[in-house]
Undergrad: 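Once you've had a glance at the structure underneath, I'll fire off some questions.
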Amino acid sequence: MGHLFRERLRAGKLLVGTMVTLGYPEVGEIMAGAGFDWLFLDGEHIPMTPAAMQGVMQGAGQEMPCLVRLPLGDEVSIKKALDIGAAGVIVPMVNTAEQAAQVVRWAKYAPQGTRGVGLGRAAGYGQMFQGYLDRANQETAVVVQVEHSQAVDNIADIIQVPGVDGVLIGPYDLSASMGLIGQVAHPDVQDAIGRVTQACLEAQVPLGIFGVTARAVRPYIERGYTLIVAGVDTLLLGAGAREIVEQLR
């Protein structure tokens with residue numbers, strides 16, 4: 001891992017990424033060449049297998065950190081994502097400090113955790129085994145998603161869990177949990193986001209947010225958010241195609 005992603009995240013550096021949903025090496029290669037700081041591989045809502053994610057990472061190259069959003073914050077999903085070479089995991093629906101602590105344990109090797117030891121891509125298929133084991137705990141990032149009203153209520157405890165490197169807010173699922181699905185601009189939803197924002201900024205825990213456009217995420221950058229996900233590969237592809245058609249017609 002030559003990218004030092006976790007170190008930069010914890011230092012509060014602005015890290016601009018985009019969401020990858022198409023499981024092809026070429027997509028990783030193109031997005032890495034676009035100049036993003038990192039790539040968000042969506043394994044939660046998209047049927048992208050670990051093998052496809054590994055291909056995207058290989059296309060992106062060793063210097064491009066890729067974080068995998070898991071389908072579930074379980075031991076097997078965490079282990080597979082890290083073994084294929086992810087710089088870290090993004091875990092959905094972490095609503096309590098106990099959940100967060102368990103995620104950290106599964107993401108870290110002993111003695112800090114209980115991550116199983118394998119010979120996957122991350123360890124050079126066994127060729128860089130000991131070197132990877134020596135540095136993995138220090139370099140593997142754990143980001144938890146706050147996307148439920150219960151998580152908002154427990155945010156002070158969640159961010160105190162050792163090994164939680166950042167918080168990514170999921171505004172749409174948060175709005176749904178509050179009975180306001182899709183109404184992310186509703187004052188109650190914005191108040192909940194504000195509570196999380198204040199708690200994380202006061203504790204100096206890096207904050208992240210997703211937005212479809214640069215315009216959507218810029219206000220959050222101005223508020224101190226540093227882990228930014230802007231755009232989706234499919235939307236970027238569609239927008240580029242429509243622009244060409246509009247220009248020619």
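This is a predicted model, so every value here is computed, not measured. We count residues from 1, following the sequence as given.
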Undergrad: For residues 216-226, pull every pair meeting salt bridge (Lys or Arg N to Asp or Glu O under 4.0 Å), keeping only residues two or more places apart or in separate chains.
TA: none

Undergrad: Which ring pair (Phe, Tyr, Trp, His ring centres under 6.0 Å) pairs, counting each pair once, include a residue from residues 64-85, with sequence neighbours left out?
TA: none

Undergrad: Write out all pairs satisfying salt bridge (Lys or Arg N to Asp or Glu O under 4.0 Å) with one or both partners inside residues 12-28, taking only residues at least two apart or from two chains.
TA: none

Undergrad: Sorted by first residue and then second, give each salt bridge (Lys or Arg N to Asp or Glu O under 4.0 Å) pair with at least one member in residues 98-113; sequence neighbours left out.
TA: none

Undergrad: Could you list the donor-acceptor pairs under 3.5 angstrom formed by side chains in residues 14-23, with sequence neighbours left out?
TA:
residue : atom : partner : partner atom : Å
Thr18   : OG1  : Ala230  : O            : 2.8
Thr18   : OG1  : Gly231  : O            : 3.1
Thr21   : OG1  : Asp233  : OD1          : 2.7

Undergrad: Which pairs with one or both residues in residues 35-51 pass salt bridge (Lys or Arg N to Asp or Glu O under 4.0 Å), sequence neighbours excluded?
TA: Arg8-Asp37, Asp42-Arg69, Glu44-Arg69

Undergrad: Going by the rule salt bridge (charged side-chain N to carboxylate O under 4.0 Å, His left out), which residues pair with Asp83 if we only count those two or more places apart in sequence or in a different chain?
TA: Arg115

Undergrad: Please check if the side chain of Arg6 supplies one atom and the backbone of Ala141 the other of a donor-acceptor pair under 3.5 Å.
TA: no

Undergrad: Can you list every pair that meets ring pair (Phe, Tyr, Trp, His ring centres under 6.0 Å) and has a residue in residues 54-84, with sequence neighbours left out?
TA: none

Undergrad: Can you list everything that forms a salt bridge (charged side-chain N to carboxylate O under 4.0 Å, His left out) with Asp134? Sequence neighbours excluded, please.
TA: none

Undergrad: List the atom of Pro71, the atom of Gly43, and the distance in Å for their closest heavy-atom pair.
TA: CB-O, 3.4 Å

Undergrad: List in chain and number order the residues that pass side chain to side chain contact (heavy atoms under 4.5 Å, CB included) with Ala203, two or more places apart in sequence or in another chain; answer none if no residue qualifies.
TA: Ile159, Gln160, Val205

Undergrad: Would you tabulate the side-chain donor-acceptor contacts of residues 167-182 under 3.5 Å, counting partners in other chains and residues two or more places apart, or write 'none'?
TA:
residue : atom : partner : partner atom : Å
Ser175  : OG   : Tyr172  : O            : 2.6
Ser175  : OG   : Leu180  : O            : 3.4
Ser175  : OG   : Gly182  : N            : 3.0
Ser177  : OG   : Ser149  : N            : 3.0
Ser177  : OG   : Leu174  : O            : 2.7

Undergrad: Write down the atom of Val68, the atom of Met57, and the distance for their closest heavy-atom approach.
TA: CG2-CE, 3.6 Å

Undergrad: Give me each pair satisfying ring pair (Phe, Tyr, Trp, His ring centres under 6.0 Å) with a member in residues 183-240, each pair once, sequence neighbours excluded.
TA: Tyr220-Tyr225

Undergrad: Any donor-acceptor pair under 3.5 Å linking the side chain of Glu147 with the backbone of Pro92?
TA: no

Undergrad: Hydrophobic clustering (ILVMFWY, side-chain heavy atoms < 4.5 Å, transitive) - are Phe40 and Phe36 grouped together?
TA: no

Undergrad: Is there side-chain contact between Leu201 and Thr197, with heavy atoms separated by less than 4.5 Å?
TA: yes

